[in-house]
Amino acid sequence: MITLVKGFHDILPDETRKWAFMMSTARESLERFGFREIIPPIMEKTELFQRGIGEVTDIVEKEMYTFEDRGGESLSLRPEATAGVLRAVVEHSLLRKDPLLKLYCIGPMFRRERPSKGRYRQFFQVNAEILGDDSPYTDAEAVAAAYSIMTDIGATGLMMEINSVGCPNCRAEYRKLLQTFFKDRTKDLCSDCRRRLEANPMRILDCKVPECAHMVKDAPLVTDSLDEPCREHFREVREALEILEIPNRLEPRMVRGLDYYTRTAFEIVHEELGRSKAVGGGGRYDNLLKDLGGPDASGIGFAIGLERLSMGIPDDHPRFRRRIDVYVALLGQGAGPMGLTVVNMLRSNGISVETRYSPMSLKAQMKLADKIGARKVIMIGDDELARREVTIRDMRTKDQTTVGIDGIVKLLQGDES
RNA sequence: GAGAGUGUAGCUCAGCUGGCAGAGCACAGGGUUGUGGCCCCUGUGGCCGUGGGUUCGAGUCCCAUCACUCUCCCCA
């Protein structure tokens with residue numbers, strides 16, 4: 001047997017209604033916020049991700065599906081959506097037509113990590129970007145959009161964690177403070193963190209080793225190192241979140257994985273999954289567009305992981321149940337031609353119909369109709385055949401009526417209203 | 001990349017110190033000759049992950065291997 005690629009997963013017929021619901025709900029929420037959909041390809045030149053995400057990040061260094069195509073060019077499956085979206089924006093000069101752009105896309109991302117619960121090598125993300133506005137209210141709107149998607153989908157147990165990582169100026173300052181702080185305590189740090197102290201001291205804040213975590217409690221906070229403009233920006237973001245009544249928690253030790261973030265950073269965490277498993281996350285990136293050869297415009301975006309979001313909502317919601325308008329039960333050989341006529345007529349009128357052509361007992365067909373969630377069953381047997389009629393049974397009320405073949409559609413459609 | 005656990009029916013899992021391969025659900029048929037959900041009866045369905053070893057005999061013990069799951073790391 002040829003099996004799935006490790007870390008990939010099939011979404012099976014019993015789950016697709018839930019997935020369709022999540023995606024259409026996300027679309028509706030985002031359209032309500034004025035976002036428009038963009039559908040970039042799932043593959044880009046490797047160089048785009050190297051420049052966009054940063055060459056020294058884990059994602060680019062060891063998690064990308066990178067290969068050389070037959071022309072000798074290095075290509076990569078997208079590990080995240082922002083780089084591709086911004087590439088399209090720059091390439092087609094979209095910001096010239098719309099100086100404020102709100103875009104979203106939904107689709108699979110690829111990262112070659114070790115799979116575990118809620119972590120796949122191919123995973124679906126809803127991704128949204130607001131480009132061309134650095135107002136703090138725009139940050140709040142991005143957070144609100146992310147929050148709205150999740151509440152519209154019906155996820156529970158979620159918490160919005162928010163922080164500001166400052167601009168490159170404040171960060172240089174903060175970095176020095178951190179290094180000074182940890183330098184005296186180097187011997188108590190874990191080996192990873194000793195390495196991080198030089199390379200990227202902010203990573204220490206995220207360490208799960210008890211000794212490090214204990215020390216981090218007393219470490220200086222980024223929020224204390226913000227310069228005046230950044231401090232004011234963050235204050236207004238938080239004020240806006242209050243006005244929007246979005247439950248949030250200041251998480252001054254939260255740092256995000258991608259280097260390009262400036263100022264506002266946020267994560268949506270599932271309380272039950274714990275801090276290490278974010279359902280969504282995002283932040284502001286005021287230099288990324290320019291770094292990708294575009295205009296000097298700011299941006300803020302977020303991504304929501306659908307596999308993880310789906311863990312927060314029940315599988316058995318009635319709306320995820322299979323539904324069909326009519327099951328047509330054919331009884332006996334002679335019913336075939338008339339059955340085909342009826343089935344075809346109903347479908348042409350927008351009614352969803354399922355039927356079986358191989359002989360089955362009526363009992364078995366009733367069971368089947370019940371299983372697939374048919375609202376009505378149309379029975380065609382010898383009696384009906386002789387009179388050019390059908391018997392229609394309402395599966396919920398058990399009422400049965402007989403109607404001539406030409407009256408079926410009218411009867412069913414009259415029932416709808 | 002490091003650690004732990006689990007592989008037995010389509011699914012969830014029992015299977016004791018080695019001795020005929022099991023249950024529930026699902027599926028099919030019947031109880032009701034043309035009427036669903038509940039109930040009852042019957043049936044289909046297994047290279048016991050794979051390869052080797054120990055043994056009269058291995059689902060069970062040993063070795064190897066593969067796959068999956070979980071934890072750490074990192075993220076969505």
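Being a predicted model, the structure only gives us computed values, none of them experimental. Here is the naming used below: chain letters follow the sequence lines, and residue numbers restart at 1 for every chain.
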Exercise. Any side-chain hydrogen bond (donor to acceptor under 3.5 Å, both in side chains) involving residues 38-54 of chain A? Give me the pairs, sequence neighbours left out, ordered by first then second residue.
Key: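 Listed once each, the pairs are A/Glu44-A/Arg87, A/Thr46-A/Ser74, A/Thr46-A/Ser76.
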
Practice problem: May I have all residue pairs that pass side-chain hydrogen bond (donor to acceptor under 3.5 Å, both in side chains) and include part of residues 347-357 of chain A, sequence neighbours excluded? | Solution: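 Every pair satisfying side-chain hydrogen bond (donor to acceptor under 3.5 Å, both in side chains) with a residue in residues 347-357 of chain A: A/Asp325-A/Ser352, A/Glu354-A/Arg356.
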
Quiz prompt | Given B/G34, B/U71, B/A76, the nucleotide with the shortest approach to the side chain of A/Met379 | solution =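 Looking only at heavy atoms from C-beta outward on A/Met379, the closest nucleotide is B/G34.
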
Exercise. Could you work out which one of B/G34, B/A76, B/G30 sits closest to the side chain of A/Ser361?
Key: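 Of the candidates, B/G30 comes closest.
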
Practice problem: Tell whether A/Gln365 reaches the base of B/U35 with its side chain through a donor-acceptor pair below 3.5 angstrom. | Solution: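 No, the side chain and the base share no sub-3.5 Å donor-acceptor pair.
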
Practice problem: For nucleotides B/C11 and B/G18, find the distance between their C1' atoms and express it as a whole number of Å. | Solution: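 Pairwise C1' distance, B/C11 against B/G18, rounds to 29 Å.
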
Quiz item: Heavy atom of residues 28-39 of chain A under 4.0 Å from RNA chain B: which residues?
Solution: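 Hits under 4.0 Å, by residue number: none.
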
Quiz item: side-chain hydrogen bond (donor to acceptor under 3.5 Å, both in side chains) with A/Gln122: which residues, sequence neighbours excluded?
Solution: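 Checked A/Gln122 against side-chain hydrogen bond (donor to acceptor under 3.5 Å, both in side chains); zero matches.
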
Self-check item: With sequence neighbours excluded, residues passing side-chain hydrogen bond (donor to acceptor under 3.5 Å, both in side chains) with A/Glu384
Solution: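 Residues passing side-chain hydrogen bond (donor to acceptor under 3.5 Å, both in side chains) with A/Glu384: A/Thr391.
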
Identify each atom pair where a protein N or O and an N or O of nucleotides 36-43 of chain B are less than 3.5 Å apart, giving names and distance.
{"unit_1": "B/G36", "atom_1": "N7", "unit_2": "A/Arg393", "atom_2": "NH2", "d": "3.0"}
{"unit_1": "B/G36", "atom_1": "O6", "unit_2": "A/Arg393", "atom_2": "NH2", "d": "3.0"}
{"unit_1": "B/G36", "atom_1": "O6", "unit_2": "A/Met395", "atom_2": "O", "d": "3.1"}
{"unit_1": "B/G36", "atom_1": "N1", "unit_2": "A/Met395", "atom_2": "O", "d": "2.3"}
{"unit_1": "B/G36", "atom_1": "N2", "unit_2": "A/Asp370", "atom_2": "OD1", "d": "3.1"}
{"unit_1": "B/G36", "atom_1": "N2", "unit_2": "A/Met395", "atom_2": "O", "d": "3.2"}
{"unit_1": "B/G36", "atom_1": "N3", "unit_2": "A/Asp370", "atom_2": "OD1", "d": "3.4"}
{"unit_1": "B/G37", "atom_1": "O4'", "unit_2": "A/Asp370", "atom_2": "OD2", "d": "3.2"}
{"unit_1": "B/G37", "atom_1": "O6", "unit_2": "A/Lys398", "atom_2": "NZ", "d": "2.9"}

Quiz item: How would you list, by chain and number, every residue that makes a side chain to side chain contact (heavy atoms under 4.5 Å, CB included) with A/Leu331, sequence neighbours excluded?
Solution: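 Checked A/Leu331 against side chain to side chain contact (heavy atoms under 4.5 Å, CB included); matches are A/Leu362, A/Gln365.
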
Self-check item: Residue list, side chain to side chain contact (heavy atoms under 4.5 Å, CB included) with A/Ser310, at least two apart or on another chain
Solution: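 Only A/Lys18, A/Met22 meet the side chain to side chain contact (heavy atoms under 4.5 Å, CB included) criterion with A/Ser310.
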
Practice problem: Please list, chain by chain and in numerical order, all residues satisfying ring pair (Phe, Tyr, Trp, His ring centres under 6.0 Å) with A/Tyr260, sequence neighbours excluded. | Solution: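 For A/Tyr260 the ring pair (Phe, Tyr, Trp, His ring centres under 6.0 Å) partners, ignoring immediate neighbours, are A/Tyr285.
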
Practice problem: Please list, chain by chain and in numerical order, all residues satisfying ring pair (Phe, Tyr, Trp, His ring centres under 6.0 Å) with A/Phe21, sequence neighbours excluded. | Solution: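 Ring pair (Phe, Tyr, Trp, His ring centres under 6.0 Å) check on A/Phe21 returns A/Phe320.
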
Quiz item: For RNA chain B, whose closest nucleotide is more 5', that of A/Glu384 or that of A/Arg121?
Solution: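 On the 5' side of the pair lies A/Glu384.
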
Please list each protein N or O that sits under 3.5 Å from an N or O in nucleotides 7-11 of chain B, with the distance.
none

Quiz item: Under 4.0 Å between a side-chain N/O of A/Lys6 and OP1 or OP2 of B/C68, yes or no?
Solution: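 Indeed, a polar side-chain atom of A/Lys6 lies that close.
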
Exercise. Decide whether A/Thr25 and A/Asp152 meet the rule of one side-chain donor and one side-chain acceptor closer than 3.5 Å.
Key: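 There is no such pair (donor and acceptor under 3.5 Å, judged by atom type) between the side chains of A/Thr25 and A/Asp152.
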
Quiz item: Could you write out RNA chain B as a dot-bracket string, with dots for unpaired bases, | for bases paired across to another strand, and Watson-Crick or G-U pairs counted at under 3.5 Å?
Solution: (((((((..((((.....[..)))).(((((.......))))).....(((((..]....))))))))))))....

Quiz item: With a 4.0 Å cut-off, would you call A/Glu161 and A/Arg249 a salt bridge?
Solution: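 Yes, this pair counts.
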
